Amino acid sequence: MTTTYRNCIGGEWLVPSTRRYFTNHNPADTSDRIGRFPDSGPADVERAVAAALRAFETWRRVPAPARGDLLRRLGDLLAADKEDLAAGMTREMGKVLAETRGDVQEGIDTAYYAASEGRRLFGRTAPSELRAKWAMSWRRPIGVCGLITPFNFPLAIPTWKMFPALVCGNTVVLKPSEDVPWTAHRLVELATEAGFPPGVINLVHGRGAVAGRALVEHPRVPVLSFTGSTTTGAGIGATAGRMHKRLSLEMGGKNALIVMDDADLDLALEGVLWGAFGTTGQRCTATSRLLLHRKIHDRFLSRLADRASRLRLGDGRAAGTEMGPLIHEAARAKVEAYVAIGEEEGAELVTGGKRPRGARLARGWFYPPTIFAGVRPGSRLEQEEIFGPVLSVVRIGSLEEAIRVNNGVRYGLSSALYTRDGGAAFQALERLDNGITYINAPTIGAEAHLPFGGVKDTGNGHREGGWEVYEFYSETKVGYVDYSGALQRAQIDNYDAGPAAR
Ligand code: UN1
């Protein structure tokens, strides 16, 4: 019997108004059905927003440190449930257990960080230009935040958005990816157990084009945060612009890892394998381009191809599995389309490029680590986001050239440089057009307490995580208190006769 799940609205677990459901499968074995989840409609979103609005009136008045205490409790519950959560997440999303454990840990880190932020949320005081007058700013909550999240970090990304929103005093409606609804369900269950009041966190399952759209277009949802494709993000941006909504976008990447001839090649090799094929390449931060210095190009590539071709594919819960499946058939079809594009463009297929054979992997969306060499800067393979285990290798002759190639794409999330030259490292930090640059580490591995995000078409200027996200989820308010007992006119009374006259 397949379990049927519900939405969580105003603290109640409700069946969708549509009475329709979708079934979620294990991508490593599609005969394994995880559950039936609500295929919600606009009426469910309407109800969730109404509940969130009601809850906002009381939640906004709970002192921020007390809001933080609830997040700390939720962090504790996530920590206690880490193993079960990770196993369930691997079952529905496919990546290996070590990675889903990391994903849960990122949620725990975010909870504890947000909890501590409840005791900061600093405002400022500034000297007034007038006597006996006090000037200050502080942060106020905004209202209902609509959060739309992707499949690749089923726990971490919802928590990045939700926890800062909550500690700032907002209430939320979460519309998680329809590929990982179970994880979102568990997160909301644990939040309920932690003691969040009804309506503060609402969960509406469903499709982006229906439930997601209703949330984006809802006039009472002034804040939106979306992680996903650049195309969808652009559409949301148009709506948000028209409706004057605050919007944070995290979108595509085409992240490059540069290996110079003076690099520690053993270290770089481990970095490339992890960056390119971890999470089956399904990270916005995945290493999808490898820029190899010509002096080490051939040597490095043959070692890399050898290691990549031996990575063990399988169910992420099985011991010894190094790479899980892709999320669904459409993702695999996209990877295959890009393999065909690479071949047409004349790139050299070094390893992979074909579906695995054999009964063991036949029931999942598996695709092997795939490497193309001789990829030309400017080609589609080099420019476009694939979101799968496909690595494009470009030969470079200098750091200068590597920087040019790195910067020659529309995206700007992360980049990496392997070198032993300190000067080169600082040049890279300064000149690579990305939100994040790693030195002697791959393009993945951002930590929860630092700002996360990218430049150019990757984002719209906001950052998730770290201290900056608290500004996104709150509104600056300024207060002036004049205790002089007289009318003091700013910009006039203190300058008319000149300050010396006073
Ligand atoms: C993503 O790729 O969608 O830096 C998020 C990392 C993770 C987060 C990635 N901490 O790879």
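Atoms within a ligand are numbered from 1 in the order they appear, just like the ligands themselves. If you read the sequence from its start, that first residue is 1, and numbering goes on from there. Because the structure is a prediction, the values reported are computed rather than measured.
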Task: ring-ring contact (aromatic ring centres under 6.0 Å, His included) partners of Phe37, counting only residues at least two apart - done: Tyr5, His205
Open item on the list: If the threshold is 4.0 Å, N to carboxylate O, is there a salt bridge linking Arg73 and Asp69?
Closed with: no
Open item on the list: Test: salt bridge (charged side-chain N to carboxylate O under 4.0 Å, His left out). Region: residues 426-435. Which pairs qualify, not counting sequence neighbours?
Closed with: Glu400-Arg431
- [ ] Provide the full list of side-chain hydrogen bond (donor to acceptor under 3.5 Å, both in side chains) pairs with a residue in residues 226-236, sequence neighbours left out, each pair given once.
- [x] Lys161-Thr227, Thr227-Glu464, Ser229-Thr232
Open item on the list: Given 3.5 Å as the limit, does a donor-acceptor pair link the side chain of Lys95 with the main chain of Asn152, or not?
Closed with: yes
Open item on the list: Quick check: closest heavy atoms across Ala156 and Glu106, and the distance to 0.1 Å?
Closed with: CB-CB, 3.7 Å
Does ligand 1 have any N/O atom under 3.5 Å from a protein N/O, and what are those pairs and their distances?
from, atom 1, to, atom 2, distance (Å)
ligand 1, 2 (O), Cys284, N, 2.8
ligand 1, 2 (O), Thr285, N, 3.2
ligand 1, 2 (O), Thr285, OG1, 3.4
ligand 1, 3 (O), Asn152, ND2, 3.0
ligand 1, 4 (O), Gly445, N, 3.0
ligand 1, 4 (O), Ala446, N, 2.7
ligand 1, 10 (N), Glu106, OE1, 3.1
ligand 1, 10 (N), Glu106, OE2, 3.0
ligand 1, 10 (N), Ala446, O, 3.2
ligand 1, 11 (O), Arg283, NH1, 2.6
ligand 1, 11 (O), Thr285, OG1, 2.9
ligand 1, 11 (O), Gly445, N, 3.2

